Each structure stands twice: as structure tokens, then as C-alpha cells.
Number of protein chains: 2
Amino acid sequence: MNNEKIITMNDLKSNDPSYLETIFSIANGHFGVRASDPIASSDSAGTIVNGFYEMSEINYGEKAYGYAENNQTIVNLPDIRAIKIFDCDDQEFSRSELKSATLDMNTGLSTSIYDVFNPDNQAIELTLQAVLQQTDTHVLGLRYTIKAIDYTEKIKIIKHLDINNDTDETDDPRKSRVLHTVNYEKSEPDNFCEILTAKTQKSQMSIDLAICAQESLEKTVELNQMVSFDIIGLVGDINTKLEVVKTSFSEILADSKSFWHEFWHNSEVNISGDDGLNQAIHYNLFQLTSSTGRDGKTNIPAKGLSGTGYEGHYFWDTEMYMSPFFAYTNPEIARELILYRYSILSESKKRAQELGVAEGALFAWRTINGSEASAYYQAGTAQYHIDADISYAIDRYYKVTADTEFIKKYGFEIVLETARFWHSFGSYNKKGFCFFDVTGPDEYTAIVNNNYYTNRMAKFNMEFAVKLIDKFPDQAKKLGVTHDEYVSLSAAADKVYLPYSEEKQINEQDDSAFEKPIWPFEDTPKSNYPLLLHYHPLNIYRYQVNKQADTLLADFLFDDISRNQLKREYDYYEKITTHDSSLSRSIFSALAARIGLKKKAYGYFMDTVKTDLIDLQKNTADGLHVANLGGSWLTIVMGFGGISIQNSMLTIKNSLPDEWNGLSIRIRFQGRLLKIKYHHSETIIEILDGEPLDIIVDGGKKRIK
Amino acid sequence: MNNEKIITMNDLKSNDPSYLETIFSIANGHFGVRASDPIASSDSAGTIVNGFYEMSEINYGEKAYGYAENNQTIVNLPDIRAIKIFDCDDQEFSRSELKSATLDMNTGLSTSIYDVFNPDNQAIELTLQAVLQQTDTHVLGLRYTIKAIDYTEKIKIIKHLDINNDTDETDDPRKSRVLHTVNYEKSEPDNFCEILTAKTQKSQMSIDLAICAQESLEKTVELNQMVSFDIIGLVGDINTKLEVVKTSFSEILADSKSFWHEFWHNSEVNISGDDGLNQAIHYNLFQLTSSTGRDGKTNIPAKGLSGTGYEGHYFWDTEMYMSPFFAYTNPEIARELILYRYSILSESKKRAQELGVAEGALFAWRTINGSEASAYYQAGTAQYHIDADISYAIDRYYKVTADTEFIKKYGFEIVLETARFWHSFGSYNKKGFCFFDVTGPDEYTAIVNNNYYTNRMAKFNMEFAVKLIDKFPDQAKKLGVTHDEYVSLSAAADKVYLPYSEEKQINEQDDSAFEKPIWPFEDTPKSNYPLLLHYHPLNIYRYQVNKQADTLLADFLFDDISRNQLKREYDYYEKITTHDSSLSRSIFSALAARIGLKKKAYGYFMDTVKTDLIDLQKNTADGLHVANLGGSWLTIVMGFGGISIQNSMLTIKNSLPDEWNGLSIRIRFQGRLLKIKYHHSETIIEILDGEPLDIIVDGGKKRIK
């Protein structure tokens with residue numbers, strides 16, 4: 001039987017070293033440590049600091065005005081786990097075999113056990129335990145425990161920070177580019193500590209890494225008994241001198257334990273009837289939370305802090321797939337994610353100007369520092385919807401937490417500036433208020449007019465701004481809102497055009513979507529998926545074919561069309577969707593649950609919940625698919641659990657899959673902690689902490705005490 | 001008074017050396033020689049061989065399937081004019097001043113006179129006469145004549161081929177990229193001759209350049225009398241060993257004279273009432289013809305052979321703006337231009353496949369070797385209309401020459417394969433036969449559905465193919481045409497959808513053109529044109545704004561709508577056109593003439609006819625705007641001269657501008673040579689050579705003997 005909160009190698013199908021480095025990696029939002037072999041060096045080993053990037057010029061075949069200028073590439077910093085061990089003849093123990101690896105999600109402890117050999121093939125056993133402090137996120141605890149196997153004499157242990165070799169160049173956008181412009185300086189204040197400072201030439205960033213031992217970084221010991229050697233790893237803040245803190249492995253472990261205990265207390269999800277699944281969802285939530293910046297200056301990199309894939313950029317994935325989990329379970333983290341967007345608001349105002357939109361802000365499609373880093377505007381900058389996605393996340397946070405002060409102080413300005421963008425970007429014609437030459441979430445259709453998702457989200461964004469202007473009139477004045485702007489903004493929101501096909505009786509993805517022929521699926525061999533790797537964009541664009549949910553994503557978010565229309569839309573769009581994006585299936589699953597297609601809902605869910613644990617996309621070695629980790633929670637809670645907020649009331653609709661015996665989740669709602677148990681027969685709600693509450697449960701209003 | 005066929009420095013506004021290098025450059029279709037200073041070396045000096053290019057990888061910020069892989073960059077080969085002169089103390093005459101430059105378009109002779117100084121500031125006069133053989137296009141004649149001014153002693157003359165230094169890197173797409181992968185080898189069969197072989201590493205091309213003197217390439221002479229020194233320059237064929245031919249400067253000059261005499265006999269255009277204009281149009285025709293490949297393997301580079309701008313690529317400019325002149329005056333050259341397209345037909349079939357179009361051929365938007373070299377598919381590959389542009393040129397050639405054999409043997413296959421492309425690329429919906437995600441000639445609107453120009457041209461292309469199948473049934477069978485294909489092709493041609501606005505009663509540029517807001521011209525400062533250098537593509541695309549004629553170009557080509565509709569269309573599109581493309585005004589001028597807007601027609605014409613002679617776009621130094629040279633003839637003959645072929649009858653409509661006293665042109669029509677004189681009162685047609693002919697003149701049918 002699987003343990004729901006412990007992952008071991010036996011739970012995995014692959015034993016590929018760099019895959020295991022990812023799976024057993026640990027992080028605390030500030031930095032992440034891949035579970036690399038401390039003896040045998042690995043190209044993919046390293047330490048990843050959230051938001052620490054180098055820049056390089058983007059090359060274009062033909063460049064044009066306003067194109068993104070620079071890449072921002074997260075830096076793979078030296079591996080803190082590496083250690084050198086020598087025998088009494090000064091021969092290095094250079095060969096190692098991983099015997100077991102364990103990740104304990106109760107404590108955050110990652111343990112790896114290796115057999116390590118010297119050139120004479122004499123072996124010792126090395127156990128490496130790694131755990132991160134979660135309150136002070138600069139601290140890593142490492143415990144090396146060495147036992148004799150058939151080598152029993154003296155060993156010398158040497159612990160240093162070594163710079164890792166660059167990996168090979170690659171064209172794969174899911175991997176990261178190689179950097180040659182990061183410089184390192186070493187300093188040794190005393191022989192207990194070693195500090196390595198990394199400086200980037202282009203982005204002008206610096207960061208300190210340190211390792212400290214109780215006595216010395218090098219020691220010689222007899223192996224007649226088990227030897228243990230603790231190292232404290234330290235990772236400073238960007239552009240800030242590191243302060244060496246005195247702590248111990250056990251203190252760090254204690255801190256981590258209490259953090260995760262509290263976390264599970266607020267975030268527990270239990271699926272009964274499928275232990276493997278239950279383990280997978282715990283893993284997803286553990287790694288999602290580990291990957292997430294919590295300082296208001298950073299966000300969630302596309303591969304978390306477990307790998308440098310997608311260059312460590314932040315995308316709309318945060319607001320649409322990951323922050324729902326935080327809003328409902330750890331709202332203080334959701335809050336920090338919004339503060340990050342607030343921190344790049346002025347950069348985003350500049351970007352709006354570059355796009356020729358006089359008012360408001362346009363957030364970068366992919367970025368770390370706030371400036372656009374997408375080199376293909378058709379599926380980058382043209383995805384203006386990111387503005388509304390961010391406002392949607394603010395609305396969600398507001399509804400779940402009722403944190404009025406925060407909204408007034410930070411959220412409002414973002415919502416207003418994004419609404420101003422839409423207001424200035426759109427234009428009236430006889431159809432209504434329209435948006436031209438945009439790209440929706442579905443990247444297999446680009447540069448279209450009136451993308452339904454984009455328009456629906458823009459409408460929401462402007463309506464939300466109007467609501468906040470009403471609610472915070474003084475703040476609105478401070479932000480320069482005039483009566484004319486208010487009137488004009490309300491009118492535009494009201495008049496946004498939403499494409500609808502009278503013939504098909506469903507929302508149309510964009511003005512011309514249904515005029516195009518349907519992609520020749522029957523002539524498309526399995527090996528030609530994902531399509532983007534096998535067909536020219538112009539070829540894909542001219543057909544009806546979707547990479548992921550687009551119009552359906554809007555349906556999922558707003559739940560504003562009749563069930564019958566939703567069924568028709570689901571049927572129509574499902575037939576033309578390839579799910580070439582890992583973000584697609586979770587939405588299809590949640591929607592299927594909503595319209596009672598239980599088998600489909602379950603099927604799509606099963607395809608995604610174990611994405612990394614079964615290495616579904618064969619690239620988990622590059623890092624975790626964190627958006628998908630969030631997507632699996634979203635499917636369970638919003639899909640099967642039917643959680644939503646309607647007219648500011650918490651609403652629950654039990655869609656428990658037949659395959660499960662039961663489901664239990666915990667969420668926070670306006671200061672309360674709720675436990676919701678789904679059975680096939682009933683839904684039981686408990687308030688573990690906080691005031692009584694009226695909830696709509698399976699259609700009926702209930703008072704929960 | 002200007003001499004209509006002689007250009008001197010006095011006729012020019014600029015004396016910038018590299019500008020003069022372009023203006024006084026000469027070429028013969030195979031190679032061109034810039035009129036560079038032979039004493040002071042110049043970065044832009046050089047020899048340009050039509051079709052001799054090097055490749056380099058195209059870099060993309062984000063690359064996708066089917067993108068153009070390689071740049072093709074025409075090579076700037078060593079300057080053949082350069083010479084070294086030393087005084088009796090072995091001091092070099094290294095400083096020079098251009099005193100006069102003359103290009104005689106009667107003979108093709110380019111003459112430059114320099115004062116040349118040694119370090120003691122003693123001067124001699126150097127006259128350099130350059131002329132190209134036009135029958136054997138491998139030969140250049142150079143005559144250096146040296147006279148004493150205040151230096152009167154011995155001089156040593158040394159003539160060698162030196163490799164030119166690379167110029168600086170540049171981002172300007174109108175310039176050419178720097179090459180570092182061209183290698184040179186020198187050989188000296190005897191001391192009369194020196195051969196330089198240039199080899200490109202990537203494109204694997206080689207070419208021989210040679211210089212030969214009567215006796216020796218180095219000689220020492222007394223300056224007590226005028227000294228003259230002839231050099232024969234030779235440029236071989238690509239990948240072919242050069243054969244050193246024995247000839248003389250006077251033979252070359254004689255050959256050139258007779259070529260240009262014959263040329264003017266067939267191509268004469270005379271404007272009476274404006275000598276400057278008359279000189280300009282002669283210059284345009286002279287340089288256009290000099291720039292044009294005549295070997296069936298090459299075409300017309302975007303800057304001719306006068307500069308390396310646009311990397312020496314061939315565009316649709318050939319078929320739409322330049323080949324009309326040749327079809328009507330030198331059809332044997334028009335024929336060679338079609339043969340070039342025939343030579344890259346198989347490459348174009350591959351390209352169609354890469355774009356996911358199963359049948360037919362797609363010609364590259366910009367290329368030398370036939371493979372796509374456009375790094376921005378939105379305004380490159382997406383301009384599928386080039387297929388139909390080429391077929392249109394074939395139809396024009398056919399109508400003017402009635403060269404049935406050529407059409408049967410070569411033209412038909414091109415027309416059929418391009419028609420097959422449209423047939424396979426398009427799809428039916430309730431509107432008709434449609435084409436999605438295309439870009440028309442107007443590059444300020446991209447990736448739209450049913451671009452009117454594209455659809456109208458595709459309709460023509462398929463109709464033309466059907467006609468040729470009817471006419472050449474056996475050939476059609478050889479080319480694999482089945483009855484089903486014939487029926488299906490005819491039906492598609494018949495059903496092509498052509499966007500039309502009921503409200504505006506005009507053809508609509510594309511399905512959504514009129515839904516977009518009009519560009520805010522009033523807020524656009526003059527300094528922000530051309531728009532593409534000051535606004536993001538997404539910004540330009542979402543407005544109604546045209547870079548050049550698009551729907552109007554179709555109106556010009558087909559003359560298939562009522563005069564009233566044409567007037568409405570002209571008015572509408574003129575208001576939203578910036579003419580940021582140099583190809584725009586000639587079409588607006590010709591159309592204005594057609595609809596009787598004489599002032600406008602004249603104004604647009606005057607803006608373009610002197611583009612290079614007044615350096616209108618400030619970049620003539622990079623090379624001539626050859627499409628524009630052809631456009632000026634097109635405006636005169638098709639616009640003011642009202643020449644067209646309607647129901648296979650030559651048709652003439654006199655629209656002589658009020659500003660002119662008269663206009664006389666010569667054209668060839670189905671074996672005849674015609675002279676047409678336009679007066680304000682009448683139109684007089686003479687057949688200088690050939691059979692009598694019925695012509696529609698100013699509305700009435702006339703028998704011309």
C-alpha cells in the first residue's frame with residue numbers, strides 16, 4: 001500500500017538519474033535543490049533561486065519595432081549537495097549507486113542512500129538527508145551519514161562549492177539556454193564556512209551561496225563506527241549580502257516539520273479508494289507549494305524550482321491553474337502572488353504604450369522582471385488575456401478572503417489599469433465593443449478578431465473595475481478615475497461583443513472560427529502530435545483545431561451559459577481539441593464533472609494527475625509541470641467537489657467519481673477552515689475553525705455550524 | 001537643357017560618393033559594377049554577380065516547423081575598377097577628387113574623371129571609362145587615361161584584384177548582411193592576366209573574376225604625354241571555369257553601342273514638355289534593363305546589380321512591376337524571367353508540401369535559389385499571392401507575344417502547378433471557395449481571411465489553368481490532369497469568394513477589414529512614417545491602414561468593376577494608404593489616370609519617377625529601386641497611355657497629362673513594332689514593323705496599317 005505522504009523509488013516507473021533529481025527535489029519558494037548524486041557530478045544538478053536570472057539578446061530573422069529585446073534565463077547555480085570522499089590512500093570514492101530515495105511530505109525531508117566505491121571497488125554507504133527551512137527561506141540542512149561496508153579504514157571528507165559545467169546548447173523551448181556570462185567569486189571567512197558569490201554580467205544581479213560546518217569543511221575520520229557530518233547551506237537574497245546564521249540540522253528539520261504540519265492541516269485532500277491517486281495529489285500539492293515564491297517579489301516559475309525549463313519564467317499559469325489552490329487553502333500565499341504582479345505594474349504600463357495602447361497596463365506574457373521575454377508575439381504578446389487573467393485571480397482572492405484592505409491598497413490598481421488597457425485597446429463597431437488581432441489561450445489559432453475567451457475576460461475585467469470604483473470612490477479618485485471614464489468604462493464593459501453561432505447555438509471561439517475547415521484528424525498519425533512540432537503555424541492556424549480549452553475555459557470560469565449550451569459547446573470543442581497543452585485536460589475534466597459526464601471527467605483527470613510521477617510527457621527530468629500540479633487540485637475541488645462562489649455564497653455540488661469511495665477536502669473561506677466530505681450518498685460539511693456559514697449544498701441552502 | 005539619354009553629376013542633387021557609385025553603376029544582367037573611385041577604396045565598392053550568393057543560418061527567437069532555414073546573401077565581389085598609381089619616388093597617388101561623371105545611355109559608357117594627388121599634393125588627371133559587353137555578358141572594358149597636371153614625371157601603374165574589406169554589421173533589412181565565409185584564391189597564368197576565384201563555404205558556389213591587359217598589369221610610363229591603359233575585366237559563370245577571351249575596349253564599346261541602339265529602337269519613350277522627366281524615364285529603362293538576368297537561371301534582384309540591398313533577392317516585384325515593360329518591349333527577356341521561375345518549380349513543389357498543401361507549387365516569397373528566405377512568414381510565406389502573380393505574368397506574356405510553343409512547353413506547367421496549389425489550399429464554406437490566414441500585398445494587414453487581391457488572383461490563376469487545359473489537352477494529360485481534377489478546378493475557380501461591402505458598395509480588402517477602426521492619422525507625426533519603423537506590428541494590424549495598393553492593385557490588373565465602383569474604391573482606399581511601400585504610388589497613378597483624375601495621376605507619377613535621381617528615399621546609395629523603375633514605365637504606358645489587352649485586342653486610351661505637350665512610346669505586339677504618339681487632340685499609331693492590326697483607340701476600333 002502506498003503511503004499517502006511518502007514517495008519512494010518503488011512508487012516510480014523510471015530510475016533515470018535526472019528524472020529522480022526532479023522528483024525528489026525540495027524547495028521553499030526562495031530556492032530549490034535538485035536531488036542530485038553528491039558523488040557523481042551531473043549536468044542537471046544544481047540550485048535554482050527564484051527570480052535570479054541572466055539576460056541575453058534575443059535574435060530575430062527579421063526584427064520589428066516593439067519586439068521583446070532580451071531573454072531572461074534563470075541561472076542554474078552550483079550544487080550544494082556535492083561532496084568528495086577519499087580513502088586512506090587518497091583515492092577518491094568516485095563511483096556511486098543510488099540504493100534508495102525517499103521524500104517525506106510530512107516533514108519535507110528528502111533522503112537518498114548510496115553505495116559509494118573507491119577505485120579498488122571497496123564500498124561505503126552514504127546517506128544524504130536534505131531539508132529546507134520554510135520560515136527563514138535562506139537555509140538548507142544537509143546531513144551526510146557514512147557507514148563502512150567493505151571499506152573500514154580512514155576516510156577524508158571534503159566539502160566545497162564547485163561551479164557546475166554548462167550543459168549543451170538546445171533548441172527545445174522547454175529546456176533552458178546555456179549561459180556564459182555568470183561569474184563566480186569565492187571567499188572563506190573562516191574554515192567553517194565558504195561563500196560563493198555569483199554575479200551576472202547583463203542583468204547585473206548577484207547572490208551569495210554558502211556552506212557551513214560545525215568545525216571544519218574538511219575532516220578525516222575512522223570508519224570503525226557510523227560517521228555523521230552536518231552542513232548548513234545558505235542562499236542569500238538577490239543583490240543582498242548574505243548573513244551567516246547559526247543553526248543546526250535538527251532545528252531546520254523541526255521548522256520544516258511544523259510548516260508542513262500546518263500546511264496539511266489547512267490543505268488536506270484525501271481520496272479514499274485509490275491509494276496511488278491519493279499519494280499523487282499529495283505529491284502535487286507538496287511540490288506546488290514548494291515551488292511558489294512567497295515574498296511578493298517572485299512568483300511560480302513554469303517548472304517550479306525543480307528545473308530551469310522555460311527559463312524559469314512566470315506565465316498566466318499562476319493565475320489560472322495554481323493560485324486557485326492557494327486562494328482556497330493558503331490565501332497569504334495567493335496574496336504574495338498578486339503582490340508580485342503589483343511590483344511589475346509600472347513595467348506593464350510601459351509595455352501598453354509600446355503596443356500603442358495609450359491607457360492602462362499590459363502584463364508581459366512570459367517574464368521574470370516584468371518586461372516581455374516572448375520572442376514570438378503571435379503566441380506571446382498577442383495573448384492580451386493575461387491582463388484579465390490576473391484581475392480574475394484578484395477577484396477570486398477577494399471573494400474567498402474578503403480581504404478588503406488588500407484589494408483597496410493593491411488589487412484595485414491592477415484591476416483598474418488592466419481595465420483601462422481593454423478600454424483603450426478595444427473599439428466600437430456595429431457588432432459592439434471589439435478587440436482585433438488577438439490570440440486566445442488556444443495557441444493553435446492566432447491573430448484573430450474577437451476571441452470569445454479574450455472578450456469575455458475583458459468584459460469581466462472592466463465590470464470588476466467598475467464595481468471597485470463604486471466600492472472605493474476615494475481610492476478611485478486617487479487613481480485618477482473621472483466621471484467620464486467611469487461612464488465610458490461601464491458602457492464598454494456592457495457592450496463587449498461575444499461571438500455566438502446561431503447555427504450551432506454555441507459560443508464561437510472567434511469571428512471566423514467556424515468558417516474554417518476542421519483539421520484532417522483522420523490523416524494525422526499519432527506520431528505527428530503535438531502538431532506544433534510537425535506542421536507550419538500557417539498550416540495549423542487555417543484549420544479548426546485547438547491545442548487546449550479556450551472558449552470552454554471561459555465557460556468553466558464564469559458558468560454563465562445554460563447546461564444545454566454548455567453540453568453542446570463541450571461536445572463541439574472536445575472533437576477539435578488535441579490537448580497538446582498540458583493545461584487542457586484539467587479544464588475538460590472539471591467541465592465534464594459539472595455537466596455530469598463522470599466517465600470523461602475521471603478519464604481526463606487520471607491522464608493528468610500523475611503527469612510527473614509517471615513521467616507522462618517524458619520531460620519531467622527538466623522539471624515539474626507545476627501548472628498541472630495546480631490543475632489536478634482544481635479538477636478535484638472545482639470539478640468533482642463542485643466548489644464555487646455564486647452571488648458571494650459558497651456553493652458545493654457533489655460529483656464524486658464512481659471509482660472512488662469518498663473524497664475529503666479542506667478549504668478556507670472568509671476566515672473559516674472547512675472540511676468537506678463527499679460520499680456517494682451525501683455531502684458532509686464541518687467548520688473546523690470559525691463562524692457558522694450558509695452554504696448552497698447540492699442545490700439546497702444549509703446553515704453550517 | 002537635359003540630354004534625354006545622358007546623365008551627368010549636374011543632373012543630380014547629391015554628391016555623396018556611394019550614392020554616385022549607384023547612379024553611375026553599369027550592368028548587363030549577369031554582373032554589375034558600381035562606379036566607385038578607383039583610387040580611394042570604398043566599403044560599398046564592388047562587383048555584383050546575379051545569383052552568386054552565400055548562405056547563413058537564420059536565427060529565430062522561437063523557431064517553429066517549416067520556417068525558412070537559411071539566409072541567401074548576394075556576395076559583394078572585389079572591385080574591378082581599383083588601380084594603384086605611384087610617383088617616381090614610389091609614393092602612392094592615394095587621394096582623389098571626382099571632377100565629373102557621365103553615363104551615356106546611347107552607348108552604355110560610364111565615364112568618371114578624377115584629380116589624383118600624391119603625398120606632395122602634386123596632381124594628375126585620371127579618366128576612367130567603363131563599358132560592358134551586352135552580347136557576351138562576361139566582359140567588361142575599362143580604359144584608364146592619365147594626364148599630367150602639376151606632376152609630370154614617371155608614374156608606375158599597378159592593376160590587381162584586391163579583396164574588399166567587410167562593411168559593418170547592420171539591422172537595416174534594406175542593406176545586406178556581412179559575410180565571413182567567402183574564400184578567395186588568386187592565380188596568374190601569365191603577367192597579362194590575373195584570375196581571382198571566389199568560393200562560398202555554405203552555398204558551395206564558386207566564380208572566377210579576371211583582369212587582363214595587352215602587355216602587363218604593371219607598367220611604368222612617362223607623363224610627358226597622355227597615357228592610356230586598357231583593362232579587360234572578365235566575370236565567369238557560376239561554378240564554371242572562366243575562359244579568357246581576347247577582345248579590346250573598342251570592340252566591347254561597339255557591342256554595347258549596338259545593343260542599346262537596338263534597345264531604344266524597340267523601347268523608346270519620349271515625353272515632350274518636360275526634359276527632366278524625359279531624362280528620368282530613359283534612365284529608369286536603361287538601369288532596369290541592365291539589372292535584369294537574361295539567362296533563364298537568374299532574375300531581377302530587388303536592387304538590381306547596383307547594390308547588395310535586400311540581399312539580392314528576387315520578389316514578386318519582377319512579375320508585377322518590371323516584367324510588364326519587358327513583355328511589351330523586349331519579350332525575349334520577359335521569356336527568360338519566366339524560365340527562371342520554371343527552374344525553381346520543383347523547389348516550389350517541396351515548399352507547398354511543407355506548408356501542408358498536398359498539391360501544386362508554392363513559390364518562395366523572397367529567394368535566389370528557389371527556397372524560402374523570408375524570416376517573417378506573416379509578411380513573407382503568407383503572401384501566397386506570388387503564385388498567382390507569376391501566372392499573371394505568364395498570361396501577359398502570352399497575350400502580348402502569342403508565343404504558344406513556349407506556353408505549352410513551360411508556362412502551362414507553372415500555371416497548372418500554381419492553380420493546383422490554390423485548389424488544394426482553399427476550402428468551401430457557405431460563402432464560397434475561401435482562403436484562410438493569408439497576407440495580401442498590403443503588409444500593414446497580415447494573416448487575414450479571404451484577402452480580396454489574393455482571392456481574385458487565385459480565381460484568375462485557376463481559370464487560366466482551365467483555359468490552358470482546354471487548349472493543350474495532350475500536354476494536360478502528360479501533366480497528370482484528370483477529368484475529375486478539371487471539373488473540380490473549374491468549379492473552385494467559379495466559386496472563389498470575393499469580399500464585397502454592400503454598405504460601402506466596394507470590394508472589401510478582407511473579411512474583417514471594414515470592421516476595424518481607421519488608423520489615427522491625425523495623431524501620427526510625419527516623422528513616424530514609415531509606420532513599420534515606429535509601431536509594433538500588432539498595433540498596425542488592428543487598424544485600417546495600408547502600406548500600399550492591395551484591393552486597388554487587383555482593380556488595376558483586371559479592370560473588372562464599374563467605373564463608379566472603381567471611383568468609390570479609389571477614394572476609400574486612398575484615404576487609408578500611407579504609400580510606405582515604393583510600389584504603391586505607380587498603381588495609384590495608373591488608376592487615377594484610368595478614372596480621369598489627371599492631377600492625382602500626374603502627382604503620384606512625379607513622386608516616383610525620379611525616386612533614385614533625387615534620392616527620394618535617402619537609400620539609393622544601397623542600390624537602385626528597380627521595381628520602381630519598372631513602375632514608372634507601367635504608369636506611363638498603362639496609365640497615361642491607357643494600353644491594355646481586352647478580349648485579346650490591343651486597346652489604347654489617351655490620358656495624356658495636361659502638363660505634357662505630347663508622349664510617344666514604342667511597344668511590340670504579336671510580332672509587330674508599334675509607335676504610338678499621344679497628343680491632347682489625338683492619338684496616332686504607326687506600325688514600324690509587321691502586319692496591319694485592328695486596335696481599339698479611345699473607344700473606337702481602328703485598322704492600323
Side-chain angles (χ1 to χ4, degrees), chain A residues 58-68 71 171 173 354-358 373-382 384 425-431 434-438 445-450 503 511-512 514-517 520 523 531-543, chain B residues 58-68 71 171 173 354-358 373-382 384 425-431 434-438 445-450 503 511-512 514-517 520 523 531-543:
Chain A
I58 301 176
N59 295 314
Y60 295 95
E62 285 183 34
K63 197 173 180 183
Y65 176 93
Y67 276 21
N71 298 301
D171 266 350
E354 284 170 3
L355 269 291
V357 180
S374 167
Y376 184 64
Y377 73 75
Q378 291 80 356
T381 302
Y384 302 102
F425 176 55
S427 57
Y428 285 99
N429 65 24
K430 51 175 143 30
K431 283 176 169 175
C434 295
F435 302 99
F436 297 104
D437 293 274
V438 308
T445 312
I447 312 300
V448 294
N449 301 328
N450 296 313
E503 184 198 347
D511 279 354
S512 65
F514 294 159
E515 293 184 15
K516 297 179 179 181
D523 311 337
L531 299 181
L532 75 159
L533 298 182
H534 302 90
Y535 301 92
H536 193 290
L538 281 170
N539 190 2
I540 297 172
Y541 294 166
R542 68 176 183 259
Y543 289 99
Chain B
I58 300 177
N59 294 317
Y60 294 95
E62 285 182 34
K63 196 174 179 183
Y65 176 92
Y67 276 20
N71 298 301
D171 266 351
E354 285 170 3
L355 268 290
V357 180
S374 166
Y376 184 64
Y377 72 75
Q378 291 79 355
T381 301
Y384 302 102
F425 176 55
S427 58
Y428 284 100
N429 65 23
K430 50 175 146 27
K431 283 176 169 176
C434 296
F435 302 99
F436 296 103
D437 292 274
V438 308
T445 313
I447 313 300
V448 294
N449 300 327
N450 295 311
E503 183 199 345
D511 279 355
S512 64
F514 295 160
E515 294 184 16
K516 297 179 180 180
D523 312 336
L531 299 181
L532 76 159
L533 296 184
H534 301 90
Y535 300 92
H536 193 289
L538 282 171
N539 189 2
I540 297 172
Y541 295 166
R542 67 176 183 260
Y543 289 99

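Residue numbers start from 1 in every chain, and the chains themselves are labelled A, B, ... in the order their sequence lines are given, proteins ahead of strands. Remember, it's a predicted structure, so these values are computed and weren't measured experimentally.
- Only the side chain of B:N429 comes within contact range of chain A, judged by heavy atoms closer than 4.5 Å.
- Interatomic distance, B:T381 OG1 to A:H536 NE2, rounded to the nearest 0.5 Å: 5.0 Å.
- Taking chain A as the reference chain and counting heavy-atom pairs below 4.5 Å, the highest number among B:Y543, B:Y60, B:Y541 is found for B:Y541.
- Between B:F425 and B:F435, the angle of the ring planes stays under 30°, which puts this pair in the parallel group of the 30/60° scheme.
- Only the backbone of B:E354 comes within less than 4.5 Å of a heavy atom in chain A; its side chain stays farther off.
- For a residue to count as touching a neighbouring chain, one of its non-hydrogen atoms must lie under 4.5 Å from one of that chain's; by this rule B:V448 does not touch chain A.
- Of all the heavy atoms in A:Q378 and A:A446, the pair that sits closest is O-CB, 4.0 Å.
- For the options A:F514, A:F436, A:Y535, heavy-atom pairs under 4.5 Å to chain B are most numerous at A:F436.
- Here B:L538 is the residue among B:I58, B:L538, B:N59 with the most heavy-atom pairs under 4.5 Å with chain A.
- With values rounded to the nearest 0.5 angstrom, A:R542 atom CZ is found 13.5 Å from B:C434 atom SG.
- For the pair A:N539 and B:Y65, the minimum side-chain heavy-atom distance is 4.5 Å or more.
- Interface remark: B:Y67 contributes backbone and side-chain atoms alike to the contact with chain A (heavy atom separation under 4.5 Å).
- With chain A as partner, the option from B:L532, B:N449, B:I447 having the largest number of non-hydrogen pairs under 4.5 angstrom is B:N449.
- Considering only heavy-atom pairs separated by less than 4.5 Å from chain A, the leading option among B:A379, B:S374, B:P537, B:A382 is B:P537.
- A distance of 8.5 Å separates OG1 in A:T445 from CG in B:D437, rounded to the nearest 0.5 Å.
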